[in-house]
Engineer: 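Questions regarding the structure given below will be posed in turn.
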Amino acid sequence: AATSNQSTGIQWSITNTVTNAVRNGIHGGISNTERIIINQGAGSYAAQLCANYIGGDYADWYLPSKHELNLLYLQKTVVGGFENNYYWSSTEGVDYNAWFQYFYNGSQNSGSKGNILYVRAIRAF
């Protein structure tokens with residue numbers, strides 16, 4: 001995981017469309033991030049921000065799936081740099097929502113893709 005936030009306030013998508021980014025397991029965020037970018041195109045939004053991130057000389061970062069984000073929450077003190085705030089996952093919810101996690105208490109909910117939330121990129125290794 002990146003050791004700092006990539007954003008302290010960005011929306012999940014720039015258009016309110018269904019992306020079919022529904023993967024939720026380990027490495028699910030890779031597929032979700034690709035699907036979101038194909039659907040949304042160029043712009044400033046969570047998945048694009050993670051895909052464009054270059055950290056530690058690596059360029060294979062992505063927005064974590066709902067499950068990956070929860071694993072990150074469980075290790076938040078080891079990784080460090082998290083705020084007690086809401087972080088986007090790459091997993092799309094029902095209708096025009098996406099899943100996020102509150103890093104104060106670990107609760108996960110879905111909400112409008114237009115909400116402005118924090119983002120932390122991860123990569124597979």
Side-chain angles (χ1 to χ4, degrees):
T3 56
S4 62
N5 296 317
Q6 279 55 68
S7 177
T8 58
I10 196 165
Q11 58 196 8
W12 194 87
S13 63
I14 52 177
T15 63
N16 199 16
T17 59
V18 175
T19 65
N20 292 312
V22 295
R23 300 258 171 105
N24 188 31
I26 300 292
H27 306 301
I30 296 169
S31 174
N32 289 345
T33 298
E34 291 169 354
R35 286 175 181 264
I36 296 163
I37 292 170
I38 289 168
N39 180 276
Q40 296 293 297
S44 182
Y45 53 94
Q48 186 72 67
L49 188 66
C50 290
N52 289 343
Y53 177 64
I54 298 174
D57 292 327
Y58 297 101
D60 57 348
W61 299 89
Y62 61 92
L63 186 62
S65 70
K66 179 183 169 194
H67 179 67
E68 291 168 321
L69 187 60
N70 188 60
L71 294 175
L72 192 55
Y73 168 76
L74 294 173
Q75 296 296 317
K76 70 179 186 174
T77 56
V78 174
V79 176
F82 288 98
E83 300 293 329
N84 288 330
N85 217 307
Y86 298 94
Y87 284 81
W88 280 123
S89 84
S90 63
T91 307
E92 193 167 50
V94 296
D95 298 323
Y96 300 103
N97 292 330
W99 285 93
F100 57 86
Q101 186 153 4
Y102 190 28
F103 270 60
Y104 175 72
N105 64 12
S107 64
Q108 290 186 316
N109 292 294
S110 64
S112 170
K113 294 175 182 176
N115 288 337
I116 306 298
L117 306 180
Y118 281 56
V119 170
R120 180 71 66 101
I122 66 169
R123 58 183 293 273
F125 58 89

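Note that the coordinates shown come from a computational prediction; the quantities given were computed from them, not determined experimentally.
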Engineer: If I compare all heavy atoms of Ile36 with all of Ser90, which pair ends up nearest, and what's the gap?
Structural biologist: CD1-O, 3.7 Å
Engineer: Would Leu69 and Thr91 satisfy side chain to side chain contact (heavy atoms under 4.5 Å, CB included), going step by step from the backbone distance to the final call?
Structural biologist: CA-CA 10 Å; Leu69 187 60; Thr91 307; over 6 Å; no
Engineer: Could you go through Asn32 and Leu63, starting from their C-alpha distance and side-chain angles, then the distance that decides it, and tell me whether this counts as side chain to side chain contact (heavy atoms under 4.5 Å, CB included)?
Structural biologist: CA-CA 8 Å; Asn32 289 345; Leu63 186 62; over 6 Å; no
Engineer: Taking the side chain from Gln40 and the backbone from Ile14, do they hold a donor-acceptor pair closer than 3.5 Å?
Structural biologist: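 The answer is yes, because a donor-acceptor pair under 3.5 Å joins these two groups.
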Engineer: Answer yes if the side chains of Thr19 and Asn39 hold a donor-acceptor pair under 3.5 Å, and no otherwise.
Structural biologist: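 Judged by distance alone, the side chains do not pair up.
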Engineer: Tell me whether Leu74 shares a hydrophobic cluster with Val79, the cluster being built from Ile, Leu, Val, Met, Phe, Trp, Tyr side chains joined at under 4.5 Å.
Structural biologist: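 Linked, Leu74 and Val79 end up in one cluster.
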Engineer: Give the minimum heavy-atom separation between Ile37 and Ala47, together with the two atoms involved.
Structural biologist: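 In terms of heavy atoms, the two residues are closest at CD1-O, 3.9 Å.
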Engineer: Is there a side-chain contact between Leu72 and Phe82 (heavy atoms, below 4.5 Å)?
Structural biologist: yes
Engineer: Measure the CG-CD1 distance between Leu71 and Ile122 for me, rounded to the nearest 0.5 Å.
Structural biologist: 8.5 Å
Engineer: Taking the side chain as C-beta and beyond, is there a heavy-atom pair between Lys66 and Gln108 under 4.5 Å?
Structural biologist: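 The answer is yes; the side chains approach within 4.5 Å.
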Engineer: Enter the distance from Ser7:OG to Tyr53:OH here, rounded to the nearest 0.5 Å.
Structural biologist: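 Output value for this atom pair is 13.0 Å.
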Engineer: Supply the atom-to-atom distance Tyr118 OH to Thr8 OG1, rounded to the nearest 0.5 angstrom.
Structural biologist: 5.0 Å
Engineer: Holding to ring-ring contact (aromatic ring centres under 6.0 Å, His included), I want the full list of residues that pass it with Tyr45, two or more places apart in sequence or in another chain.
Structural biologist: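 For Tyr45, no residue satisfies ring-ring contact (aromatic ring centres under 6.0 Å, His included) once neighbours in sequence are set aside.
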Engineer: Does the side chain of Phe100 come within less than 4.5 Å of Asn109's, by heavy atoms?
Structural biologist: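 Asn109 vs Phe100: side chains touch.
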Engineer: Starting at CD1 of Ile10, measure out to CG of Asn115 and round the result to the nearest 0.5 Å.
Structural biologist: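 Rounded to the nearest 0.5 Å, the CD1-CG separation comes out at 13.0 Å.
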Engineer: Looking only at heavy atoms, what is the nearest atom pair of His67 and Ile26, with distance?
Structural biologist: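 That would be CD2-CD1, 3.8 Å.
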Engineer: Side-chain heavy atoms under 4.5 angstrom apart, residues restricted to Ile, Leu, Val, Met, Phe, Trp, Tyr: same cluster for Tyr102 and Leu117?
Structural biologist: yes
Engineer: What salt bridge (charged side-chain N to carboxylate O under 4.0 Å, His left out) pairs are there with at least one residue in residues 84-109, not counting sequence neighbours?
Structural biologist: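 Listed once each, the pairs are Glu92-Lys113.
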Engineer: Which heavy-atom pair separates Trp88 from Ala46 by the least distance, and what is that distance?
Structural biologist: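 Reported closest heavy-atom pair: CD1-CB, 4.1 Å.
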Engineer: Distance check, rounded to the nearest 0.5 Å: Arg120 atom CZ versus Cys50 atom SG?
Structural biologist: 10.5 Å
Engineer: Check the hydrophobic clustering (I, L, V, M, F, W, Y; side-chain heavy atoms under 4.5 Å; chains of links allowed) and say if Leu49 and Tyr62 are grouped together.
Structural biologist: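 As far as the 4.5 Å side-chain criterion goes, Tyr62 and Leu49 are not connected within one cluster.
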Engineer: Consider only side-chain heavy atoms of I, L, V, M, F, W and Y, link residues closer than 4.5 Å, and tell whether Tyr86 and Tyr73 are in one cluster.
Structural biologist: no
Engineer: Within this structure, what is the CD1-CZ distance for the pair Ile30 and Arg23, rounded to the nearest 0.5 Å?
Structural biologist: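 Interatomic distance, Ile30 CD1 to Arg23 CZ, rounded to 0.5 Å: 10.5 Å.
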Engineer: With sequence neighbours left out, what residues match Tyr96 under ring-ring contact (aromatic ring centres under 6.0 Å, His included)?
Structural biologist: none
Engineer: Provide the closest heavy-atom pair for Asp60 versus Arg123 in the form atom of the first, atom of the second, distance.
Structural biologist: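 What the structure gives for the nearest pair is OD1-NE, 2.7 Å.
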Engineer: Will you find, in the side chains of Asn5 and Tyr87, an N or O donor that is under 3.5 Å from an N or O acceptor?
Structural biologist: yes
